[in-house]
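One structure below.
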Amino acid sequence: MNCEQVQKLIHAHHDGELDVANTLQVDEHLADCPSCFNAVRQLSALRGALQDSELRFRAPTRLRSSITAAVEQAVRAERPAVITRPWYRQPAWSVAAVLLVACVLTLQVSFRRSDDRLLAELTSSHVRSLMVNHLYDVASTDQHTVKPWFDGKIDFAPPVKDLRETGFPLLGGRMDFLEGRAVAALVYGRQKHFLNLFVWPSASSSPAELRATQRNGYNVLRWSDGKMNFGLVSDLNEGEMREFVREWAAK
Amino acid sequence: MPDAAANFDQTILPHLDAAYNLARWLIGNERDAEDVTQEACLRAFKFFDGFRGGDARAWLLTIVRRSAWTWLRSNRRHEEAVEFDEELHGGIDVSASPEVSLIRAGDVDAVRQAIATLPAVFREVLVLRELEDCSYKEIADIAGVPIGTVMSRLTRARRQLQTALSTQPQSGGLS
Ligand SMILES: [Zn+2]
């Protein structure tokens, strides 16, 4: 793929709408094209700016009550006509059944879609960090240097731990983007392998069990401790990555 | 047995914010956006019986969008209301994107202003994608255009937004 083809696809790539084959080709191109890679980072920056909840208008209360009143009035006016229909033609019954099914499907589909998008973003962020030689903004094996580096760059304080004694030395940290928000990426080493640990605040206060997935040949482990979400990505084998997670929790 | 009004509360009303958000961004002022949203909700309610599956939110947004465009056509300058002609405006521009990595989280007003100046056909795909998290397929259904058109409009919308934001005075960055 050349730059022109890639530039046409990076929006779909960014939106998680690209098929696997094209995603791989785009990732490959981004790995050694700083200018296309920069275009992707700018899309992430733009999404970050659009993420502000103040940009979404909320329906005023007076509109809500005015609509409710109008609907009640319409129901009262239409009731006699409704009663003459067979039961299955009545709005209440058919709509209730159809919408129940529709809601369940919608929930599942949108959950799967956003889950898949996150997985794709985790993996491609990992790949990019390795290939574009942008592993860290702050290179330090000292957790007391890495942790304060994030102050003022992201809106939360990520936990930073050095796992040197257990064979996972901390190498540095950088700011990255996932789902349009700025997240912390901590970089650890294991012999010749690199591990990216992405950290961002959890929306739910209950911890989430460890889930291991494979994507494009990389292992992705995700969990939450009820405060932070963690995404660990590496080409290291799953067993050693689980070891990392245990050591992280124990420390 | 729950009556039709209760059903409306459970199925349409949860998407009222999404409906109003789209109307408000397309129309540009509160009062008319409220009128259009209310009209669309009542129409959605009226055709409740005809609704046969699918996504209730996408269905409501389709109706809101149609009402908003009707409003735009009768209340705005001709240029604004004309749906974008892809033929006339060519393909995707692949020239280097402007440097906007320094958009700060606090610049909400600048971002809002930049979105407001986009043509309505760009604004709607951007709002649906970025603020309502709709998929390309959902946007295509709501706007009644092919997915390829959604993609090219989204690309142009973002490009224009980046250009607009890069010319905003900035007092600092993430660095
Ligand atoms: Zn390139």
Side-chain angles (χ1 to χ4, degrees), chain A residues 3-4 7-8 11-12 15-17 35 38-39 41-52 54-60 62-64 66-68 70-72 74-75 78-79 82 85 89-96 98-99 101-103 105-106 109-110 113-114 153 155 175 180 182, chain B residues 1-11 13 16-17 19-21 24-25 30 33-34 37-38 41-42 45-46 48-49 51-57 92 94 96-105 107-108 111-112 115 126 129-131 133 135-136 151 154-155 158 161-162 165 174-175:
Chain A
C3 291
E4 196 175 325
Q7 294 275 334
K8 278 185 184 165
H11 289 262
D15 290 322
E17 298 259 0
S35 112
N38 188 42
R41 283 194 88 88
Q42 295 202 13
L43 282 181
S44 296
L46 185 64
R47 173 157 297 163
L50 292 170
Q51 214 60 4
D52 198 304
E54 273 185 54
L55 287 175
R56 191 173 187 250
F57 292 103
R58 313 181 116 251
R62 63 163 180 264
L63 173 63
R64 200 172 286 269
S66 149
I67 290 174
T68 311
V71 165
E72 273 163 15
V75 171
E78 283 203 1
R79 186 149 291 160
V82 168
R85 296 173 180 170
R89 290 281 300 150
Q90 284 184 22
W93 283 108
S94 50
V95 166
V98 167
L99 286 175
V101 174
C103 286
L105 286 177
T106 309
V109 168
S110 59
R113 196 174 62 228
S114 68
K153 294 188 182 64
D155 57 1
M175 199 180 82
Chain B
M1 161 178 155
D3 67 2
N7 266 310
F8 180 84
D9 288 355
Q10 285 162 23
T11 57
L13 231 40
L16 182 59
D17 279 337
Y20 178 72
N21 183 46
R24 179 67 179 73
W25 273 114
E30 248 171 61
E34 283 180 37
T37 308
Q38 169 144 357
C41 285
L42 292 179
F45 175 66
K46 201 173 148 196
F48 234 33
D49 200 23
F51 178 48
R52 291 285 177 271
D55 184 341
R57 184 184 66 150
I92 294 172
V94 295
S97 45
E99 184 65 49
V100 282
S101 45
L102 298 184
I103 302 166
R104 291 183 315 133
D107 281 347
V108 169
V111 178
R112 192 181 286 130
I115 302 175
L126 189 87
R129 179 67 200 92
E130 300 288 0
L131 305 186
D133 202 28
S135 69
Y136 287 3
M151 287 174 71
L154 201 50
T155 303
R158 284 171 173 157
L161 212 49
Q162 287 175 325
L165 288 170
L174 287 166
S175 73

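Here is how names work: the chains are called A, B, and so on, in the same order as the sequence lines, proteins then strands, and each is numbered from 1.
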*What closest approach, in Å, do A:Leu50 and B:Val111 show between heavy atoms, and which atom pair accounts for it?*
CD2-CG1, 3.7 Å
*Look up atom CZ in A:Arg64 and atom CG in B:Asp9, then write down how far apart they are to the nearest 0.5 Å.*
10.0 Å
*Could you look at A:Thr68 and say if it's the side chain, the backbone, both or neither that has a heavy atom under 4.5 Å from chain B?*
side chain
*Taking all non-hydrogen atoms of both residues, which atom of A:Glu54 and which atom of B:Arg112 are closest, and how far apart?*
O-NH2, 3.3 Å
_Over all atoms of both residues, closest heavy-atom pair of B:Asp17 and A:Ala59_ = OD1-N, 2.7 Å
*Identify which part of B:Leu13 has an atom lying under 4.5 Å from any heavy atom of chain A, answering side chain, backbone, both or neither.*
both
*Is the closest side-chain heavy-atom distance between A:Arg47 and B:Arg158 below 4.5 Å?*
yes
*Given side chains that start at C-beta, do those of B:Phe8 and A:Ile67 come closer than 4.5 Å, heavy atoms only?*
yes
*Full working for salt bridge (Lys or Arg N to Asp or Glu O under 4.0 Å) between B:Arg129 and A:Glu17*: CA-CA 12 Å; B:Arg129 179 67 200 92; A:Glu17 298 259 0; 5.2 Å; no
*Please report the shortest heavy-atom distance between B:Glu34 and A:Pro60, naming the atom on each side.*
OE2-CG, 3.4 Å
_Min side-chain heavy-atom separation A:Leu43-B:Gln162 under 4.5 Å_ = yes
*What's the spacing between B:Glu130 CD and A:Leu55 CG if we round to 0.5 Å?*
10.5 Å
*State the CZ-CG distance between A:Phe57 and B:Leu131, to the nearest 0.5 angstrom.*
9.5 Å
*asked:* Could you measure the distance from the CZ atom of A:Arg56 to the CG atom of B:Asn21? Nearest 0.5 Å is fine.
replied: 5.5 Å
*Distance only, no hydrogens: is a donor on one side chain within 3.5 Å (strictly under) of an acceptor on the other, for B:Gln38 and A:Ser66?*
yes
*Report yes if some heavy atom in the side chain of B:Leu154 is under 4.5 Å from a heavy atom in the side chain of A:Asp15; otherwise report no.*
yes
*Which residues pass the side-chain hydrogen bond (donor to acceptor under 3.5 Å, both in side chains) test with A:Asp155, sequence neighbours left out?*
A:Arg181
